[in-house]
Amino acid sequence: MTPFSHHEGLVAPMDRANVDTDLIIPKQFLKSIKRTGFGPNLFDDLRYLDEGQPGADCSGRPLNPDFPLNFPRYQGATILLARENFGCGSSREHAPWALADYGFRVIIAPSFADIFYNNCFKNGVLPLVLTAEQVDTLFASVYAHEGFTLEVDLRSQRVMTPAGDVFSFEVDAFRKQRMLEGLDDIGMTLKSADTIRRFEAQWRQRSPWLFGSLDTAAER
Amino acid sequence: MAAMTLYDKLWNHHLVEQWDNGSALIYIDRHLLHEVTSPQAFEGLRLAGRKPWRLGANLAVPDHNVPTGADERRGGVAGILDPISRLQVQTLDDNCRAFDIVEIPINDVRQGIVHVIGPETGATLPGMTLVCGDSHTSTHGAFAALAHGIGTSEVEHVLATQCLVQQKMKNLQVRVSGRLQPGVSAKDLALAIIGRIGTAGGTGYAIEFAGEAVRALSMEGRMTLCNMSIEAGARVGVIAVDEITIDYVRNRPFAPRGAMWEAAVAAWRDLHSDEGAKFDRVVELDGAAIEPQVTWGTSPEMVTSVHGHVPDPAGMDSPSRAAAVQRALDYMGLRPGMPITDIRPDRVFIGSCTNSRIEDLREAAAVVRGRRKADSVRQVLVVPGSGQVKRQAEAEGLDRIFLAAGMEWREPGCSMCLAMNADRLGAGEHCASTSNRNFEGRQGSGGRTHLVSPAMAAAAAVTGHFTDVRQLVEVAA
């Protein structure tokens, strides 16, 4: 995973509450067996005027002129400013894959859905919670100033505006450390392999019915 | 020892290691896999040269992409017409073979929606931790299992380590007093709860559903309720073990037998919250006051009684709420203030991991019996949750009731819940759906979903508009 410690970038607005992962990446693109290439289909239903097909080239598709990510002023944005309960619904990790593939490194919102929040950290995308008032302020700035950027520092857990305003944010220590170092989760857990094996042996003794075989011949 | 909630007990039983930074390593007993969220996880294992930690913990089944038409289905994986879907299902087969994971293949009679076949085969047992790369994994909490959806990185993590890194959730008890009225089902209860606490109301919590109305539910009803915990924002929904749980699990193919069964049942009897256990939050509802529910908007919290009206954004205090409602009404093509009973579905979908079990099909068939699909309704799809459900329904003659009414009886799969196969809505079409999400485009680009119970979907199918099913059942009686 790409490490994340400090990021400065252009901010784009996604000004609606309860943005679900179906909206972030519609189901037809979930048929891919790859982890990459979802960026052109990020927010597909909102971004284009026609219906997107998996595997199709998006470069010639008609863009929705009313969708902010299509505005010239937000091209190259790497920070997405959003509203409450961002990422609700399906657990599809294709949502953070699509956001990352598009180029977003930070999503700022007053709240996130649990599974999406967790999935972001696995993909070098920082989901950052500010208060509803702070988010309101940032929306006002994004609309008022073309080219509005933010600076995000994970180490000090601070967001800085060009005008010098500073907002602190919370993030749990484990996720922060992993993100800063870009660590492989599985490798870290496997450092505890002996502990896992000991636990498993005890648990099997206590609850042997959880360790039965599922291997029966297929029935037609 | 301090009084513990059911969630606390399940957490403690599976705690491998507690870390100083607030995270913990939790052991996973059962891992269910399907074709959509697993290919990248297997690829990750392959690239890192890793193998599954404990093969026997895993069970795979294709469900999201599989066609439900009998003709297309007959050809198995090779017969899937959409080449991209076919490749994804084929990839699951290939990965399971390569990694030696047990898979129930596409045309096995046990195939079905992953959240239907887990409980049905006994692969889901009380007291276990169970995960799957699908948010509706909360379904299995009906068995007092700690069950939740995970992303693909975590699918790979569970395969490789049999553990997950987790932060403990808070405890929320939803206590439903009284009894649901006849004609009011677990689905109506789930929607009423979401209407009350909102789609983010359970974020960060594990919900325990309790109270007389919950205790009175069958296992099918409890699964429906826990299934939709995620629509209230909670990854986990649990219900304590009782005789109904134990009776359901007894003699399932993968359930323990003999002395091991007795030992298991003895352990399972402790799977309830202790007297005096402390919840971080409690929400109380009167079950007897709940009426059949219908969603009118693009979020499950946009719901009201069948006797209610579409809200009017003009009368709302909060400008952001008014804007959200207006956007939903524009998308749904509904007028502010119109009665719910004036909404006329173009299609009806009875199925999904929320409502495709035998009891759901019985409830729908009881309404359809002796009636016909309304002419204004273009299509009614009835999609059983598994091959076993289909077989049971056919033994009871339910298929003939649906077919005689001009409805379609399909092969099992996720189908029009998320429209990854050919079953989908056209732009602008309204659907009375027993699924779980009414998000924009969920059932097909531009499709308009109204979430309802199986009986209410059947009532809409035969009358051509949303109708309080209790009126139909009285007429029939």
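Just so we're on the same page: letters track the sequence lines, and every chain starts at 1. Everything numeric here is computed off the predicted structure, so don't read it as measured data.
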(message) Working to the nearest 0.5 angstrom, can you tell me the gap between A:R204 CZ and B:D29 CG?
(response) 11.0 Å
(request) Please look at B:H136 and chain A and tell me whether the side chain, the backbone, both or neither of the residue comes under 4.5 angstrom of a heavy atom of that chain. (result) neither
(message) Taking side chain as everything from C-beta outward and backbone as N, CA, C, O, which of these in B:A48 sits under 4.5 Å from a heavy atom of chain A? Side chain, backbone, both or neither.
(response) neither
(request) Can you label the angle between the B:H13 ring and the A:W203 ring as parallel, tilted or perpendicular, going by 30° and 60°? (result) tilted
(message) Does any backbone or side-chain atom of B:E156 lie under 4.5 Å from a heavy atom of chain A? Answer side chain, backbone, both or neither.
(response) both
(request) Check whether A:R83 gets within reach of chain B through its side chain, its backbone, both or neither, counting any heavy atom under 4.5 Å. (result) neither
(message) Which atoms of B:Q162 are under 4.5 Å from chain A, going by heavy atoms: the side chain, the backbone, both sets, or neither?
(response) side chain
(request) Return the option, out of A:T195, A:D44, A:D15, A:D45, with the maximum number of heavy-atom pairs under 4.5 Å with chain B. (result) A:T195
(request) Against chain B, label A:Y117 side chain, backbone, both or neither, depending on which of its atoms sit under 4.5 Å from a heavy atom there. (result) neither
(message) Quick test of your reading of the model: are A:R92 and B:D134 salt-bridged, counting only N-O distances below 4.0 Å?
(response) no
(message) Quick check on B:R437 against chain A: is it the side chain, the backbone, both or neither that has a heavy atom closer than 4.5 Å?
(response) side chain
(request) Report the option among A:Q28, A:K34, A:Q177 that has the most heavy-atom pairs separated by less than 4.5 Å from atoms of chain B. (result) A:K34
(message) I need the residue from A:R175, A:Q202, A:K176 with the largest number of non-hydrogen atom pairs under 4.5 Å to chain B.
(response) A:R175
(message) Donor-acceptor check, side chain of B:Q88 to backbone of A:I33, threshold 3.5 angstrom: yes or no?
(response) no
(request) Run the salt-bridge test on B:E440 and A:K27 with the 4.0 Å N-O cut-off and return the result as yes or no. (result) no
(request) Can you tell which part of A:R197 gets under 4.5 Å to a heavy atom of chain B, answering side chain, backbone, both or neither? (result) both
(message) Need one label for B:W19: side chain, backbone, both or neither, based on atoms under 4.5 Å from any heavy atom in chain A.
(response) side chain
(message) If we check side-chain contact (heavy atoms from CB on, under 4.5 Å) with A:K31, which of these qualifies: B:D82, B:L87, B:V36?
(response) B:D82
(request) Using non-hydrogen atoms and a 4.5 Å limit, figure out which bit of A:A193 sits close to chain B: side chain, backbone, both or neither. (result) both
(request) For chain B, find which of A:H94, A:R198, A:E84, A:M188 contributes the most heavy-atom pairs closer than 4.5 angstrom. (result) A:H94
(message) Just to verify, which of B:V158, B:L164, B:V16, B:L25 counts as forming a side-chain contact (heavy atoms from CB on, under 4.5 Å) with A:T189?
(response) B:L25
(request) State, to 0.1 Å, how close A:F174 and B:S23 come at their nearest heavy-atom pair, and which atoms those are. (result) CB-OG, 3.2 Å
(request) Apply the test side chain to side chain contact (heavy atoms under 4.5 Å, CB included) to residues B:I150 and A:S91: give CA-CA distance (whole Å), side-chain angles for both, the deciding distance (0.1 Å), then the verdict. (result) CA-CA 6 Å; B:I150 55 178; A:S91 60; over 6 Å; no
(request) Determine the option with the most heavy-atom pairs under 4.5 angstrom with chain A, choosing from B:V155, B:L15, B:I104, B:V89. (result) B:L15
(message) Just verifying a value: how many Å separate B:Q40 CD and A:S32 OG, rounded to the nearest 0.5 Å?
(response) 6.0 Å
(request) Please determine if B:K170 and A:D114 form a salt bridge, counting it only when a charged side-chain N lies under 4.0 Å from a carboxylate O. (result) no
(request) Check whether A:L30 gets within reach of chain B through its side chain, its backbone, both or neither, counting any heavy atom under 4.5 Å. (result) both
(message) Just verifying a value: how many Å separate B:M260 CE and A:F211 CZ, rounded to the nearest 0.5 Å?
(response) 11.0 Å
(message) Can you give me the closest heavy-atom contact between B:S153 and A:N123, atom names plus distance?
(response) OG-ND2, 4.4 Å
(message) Can you tell me which of A:A17, A:P26, A:G89, A:A95 forms the most heavy-atom pairs within a distance under 4.5 Å of chain B?
(response) A:G89
(request) Give the minimum heavy-atom separation between A:W209 and B:A264, together with the two atoms involved. (result) CD2-CB, 3.5 Å
(message) Tell me every residue that passes side-chain hydrogen bond (donor to acceptor under 3.5 Å, both in side chains) with B:Y27, counting only those two or more places apart in sequence or in another chain.
(response) A:E200, B:R54
(request) Sort out for me which of A:D20, A:D184, A:N119 touches chain B most, counting heavy-atom pairs under 4.5 Å. (result) A:D20
(request) Could you look at B:E43 and say if it's the side chain, the backbone, both or neither that has a heavy atom under 4.5 Å from chain A? (result) neither
